[in-house]
Amino acid sequence: MLKRLSRAIQRASSGRVTLVALAVFLAFTALVLPRQAASADAATGGAGAPDTAFFYSAEDLYAFAEAYGPDGRAAYVRARFTFDVAWPAVYTFFLATALSWLGRRAFAPVGPWGQVNLVPLLAALFDLLENASTSLVMARYPALTPGVATVAPFFSSVKWLFVAGSFALLPIVAGLALWRRSGRPKESR
């Protein structure tokens, strides 16, 4: 099933689609992220956000909830189900298509490295799990949600590992694609 999903993404990842994904990613990063950050900062009183941290605890999550107040918690939950659904879709679209397009040039068509384009999907999955769990804690506060508050930091850490891993793979796969291309014999005219 994963091989089929990877191949489907590879087939859809033409140069044109990859350029569109890059343009959407850059536009979202330049236009939407700064506004969302300012809005979140205003709504939460500058208390920060758990989903931007690599490590935090359940107690830290409850401290964020307390610091936000009712309006800040409502804004946080709203943002998780609007902006923070769109953002993983945007970065996954870019990373999966870019890794697919470059991967076709870097790796043999068959083999485990051809599935490197699935790493961004794992980032998005854990991002959405993080959003759901932190939102549930915020929505229920001051009532405690101990099991969910305990797994939310795990989801955040794993999300960041896959996000960082996906971005780290880009130059590696690009370098391999260039190396493989430069190693091809020149065609005679």
Side-chain angles (χ1 to χ4, degrees), residues 1-3 5-6 8-9 21 24-25 28-29 32-100 112 115-170 172-173:
M1 181 175 110
L2 292 177
K3 284 182 183 181
L5 176 59
S6 176
I9 296 169
V24 169
F25 176 78
F28 201 91
T29 302
V32 178
L33 282 181
R35 282 188 302 188
Q36 175 57 34
S39 174
D41 199 43
T44 61
D51 53 339
T52 60
F54 186 78
F55 290 114
Y56 62 92
S57 66
E59 293 76 23
D60 296 331
L61 185 55
Y62 289 126
F64 281 116
E66 176 64 30
Y68 291 172
D71 291 339
R73 288 191 298 275
Y76 180 89
V77 171
R78 198 170 34 259
R80 298 298 75 73
F81 289 97
T82 53
F83 160 78
D84 220 0
V85 171
W87 176 231
V90 168
Y91 72 69
T92 300
F93 177 45
F94 166 62
L95 290 167
T97 58
L99 287 170
S100 293
Q115 295 177 39
V116 73
N117 62 348
L118 297 178
V119 175
L121 276 66
L122 291 169
L125 171 66
F126 281 96
D127 200 341
L128 296 173
L129 289 170
E130 170 198 60
N131 294 342
S133 60
T134 57
S135 292
L136 183 59
V137 169
M138 295 292 169
R140 295 199 64 228
Y141 190 83
L144 301 182
T145 314
V148 175
T150 301
V151 296
F154 170 77
F155 294 149
S156 295
S157 295
V158 174
K159 168 197 81 171
W160 283 118
L161 286 172
F162 283 119
V163 168
S166 296
F167 278 101
L169 283 168
L170 277 177
I172 293 168
V173 176

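Fair warning: this is a prediction, and the values are worked out from it, not measured in the lab.
The line from CD of Glu130 to CH2 of Trp160 is 8.0 Å long, rounded to the nearest 0.5 Å. To the nearest 0.5 Å, atom CZ of residue Phe28 and atom CZ of residue Phe94 are 14.5 Å apart. Note that CZ of Arg78 is 8.5 Å distant from CG of Asp71, once rounded to the nearest 0.5 Å.
The aromatic rings of Phe126 and Phe155 sit tilted relative to each other, their planes meeting at an angle between 30° and 60°.
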Could you list the donor-acceptor pairs under 3.5 angstrom formed by side chains in residues 144-151, with sequence neighbours left out?
residue : atom : partner : partner atom : Å
Thr145  : OG1  : Arg140  : NH1          : 3.0
Thr150  : OG1  : Pro146  : O            : 2.7

Which atom pairs, donor and acceptor, lie under 3.5 Å between side-chain atoms of residues 39-47 and protein residues at least two apart or in another chain?
residue : atom : partner : partner atom : Å
Thr44   : OG1  : Ala40   : O            : 2.7

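By the salt bridge (Lys or Arg N to Asp or Glu O under 4.0 Å) test, Arg73 is found to be paired with no residue, residues two or more places apart in sequence or in another chain being considered.
Although no hydrogens or angles enter the test, the distance criterion places a donor-acceptor pair under 3.5 Å between the side chain of Ser157 and the main chain of Pro153. A donor-acceptor pair is defined here as one N or O able to donate and one able to accept, closer than 3.5 Å; no such pair exists between the side chain of Thr92 and the backbone of Ala89. Looking at Lys159, its side chain never comes within 3.5 Å of a backbone N or O of Leu129 through a donor-acceptor pair. Tyr76 contributes no side-chain N or O that, together with a main-chain N or O of Thr134, makes up a donor-acceptor pair within less than 3.5 Å. Under the 3.5 Å distance criterion, the side-chain polar atoms of Asn117 are matched with a main-chain donor or acceptor of Ser6.
In plain terms, the two heavy atoms of Ser133 and Ala152 that are nearest each other are OG-CB, 3.3 Å. In this structure, Ala139 and Val77 approach most closely via the heavy-atom pair N-CG2, 4.1 Å. Across all non-hydrogen atoms, the minimal contact from Leu99 to Ser166 is CD1-O, 4.2 Å. Heavy atoms only, all atoms of each residue included: Tyr56 and Ser156 are closest at OH-OG, 2.7 Å. Pairing each heavy atom of Pro50 with each of Tyr68, the nearest pair is CD-OH, 3.4 Å.
For Trp87 and Phe25, the ring centers sit closer than 6.0 Å to each other.
A 4.5 Å side-chain heavy-atom check between Leu121 and Ile9 finds at least one atom pair inside the cut-off. Looking only at side-chain heavy atoms (C-beta outward), Asn131 and Phe81 stay at 4.5 Å or farther from each other.
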In sequence, state the C-alpha distance, the side-chain angles, and the governing distance for Val163 and Asp127, and then conclude on side chain to side chain contact (heavy atoms under 4.5 Å, CB included).
CA-CA 9 Å; Val163 168; Asp127 200 341; 5.6 Å; no
